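If you're wondering where the values come from, they're calculated on a predicted model, not measured in any experiment.
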Amino acid sequence: MDTAHTIHAYVTETKESSYAVDINVSSYTLKGDESVHSGGNGLGPAPYDLLLAALGECTAMTIRWFANQRNWPLEKVEVKVDSYQREC
């Protein structure tokens with residue numbers, strides 16, 4: 001049984017800073033922006049912040065799913081994801 005469906009993300013500039021955007025995805029609204037250091041106002045997570053969070057979220061959910069499938073007792077999953085960015 002194929003249960004595939006399309007997910008749409010809509011990203012719109014807000015003009016609150018040079019890079020501020022509203023992100024609408026799966027009935028959730030998020031705000032994105034660059035840090036002050038990178039030319040934004042720090043109004044929300046930057047793209048790399050969201051990418052790191054997505055990787056951590058996926059990892060935590062996968063670990064939880066696997067533990068549930070195996071009936072392993074697992075109190076809590078915590079994931080830390082680090083990124084090193086070189087200045088260009």
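Looking at every heavy atom in both residues, G40 comes nearest to S17 through CA-OG, 3.9 Å.
For residues 23-60, the set of pairs meeting the ring pair (Phe, Tyr, Trp, His ring centres under 6.0 Å) definition, not counting sequence neighbours, is empty. Applying the salt bridge (charged side-chain N to carboxylate O under 4.0 Å, His left out) definition to pairs two or more places apart or across chains, those involving residues 17-29 are D22-K31. Legend: salt bridge (charged side-chain N to carboxylate O under 4.0 Å, His left out) pairs involving residues 74-85, not counting sequence neighbours, sorted by first then second residue: K76-E78, K80-D82.
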Can I get a per-line list of side-chain donor-acceptor pairs under 3.5 Å for residues 62-71, giving both atom names and the distance, sequence neighbours left out?
| residue | atom | partner | partner atom | Å |
| --- | --- | --- | --- | --- |
| T62 | OG1 | C58 | O | 2.8 |
| R64 | NH1 | L74 | O | 3.0 |
| R64 | NH2 | L74 | O | 3.1 |

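In this structure, V11 is a member of the same hydrophobic cluster as L30, with clusters built from ILVMFWY side-chain heavy atoms closer than 4.5 Å.
Between T12 and I23 the shortest side-chain heavy-atom distance does not fall below 4.5 Å.
Grouping Ile, Leu, Val, Met, Phe, Trp and Tyr residues whose side-chain heavy atoms lie under 4.5 Å apart, directly or via other members, leaves V36 alone, with no other cluster members. Residues near Y10 contribute nothing to a hydrophobic cluster around it, because no ILVMFWY side-chain heavy atom sits closer than 4.5 Å to its side chain.
Atom OG in S26 sits 6.5 Å away from atom NE2 in H5 (nearest 0.5 Å). To the nearest 0.5 angstrom, L43 atom CG is 4.5 Å from D33 atom CG. To the nearest 0.5 angstrom, S35 atom OG is 8.0 Å from D49 atom CG.
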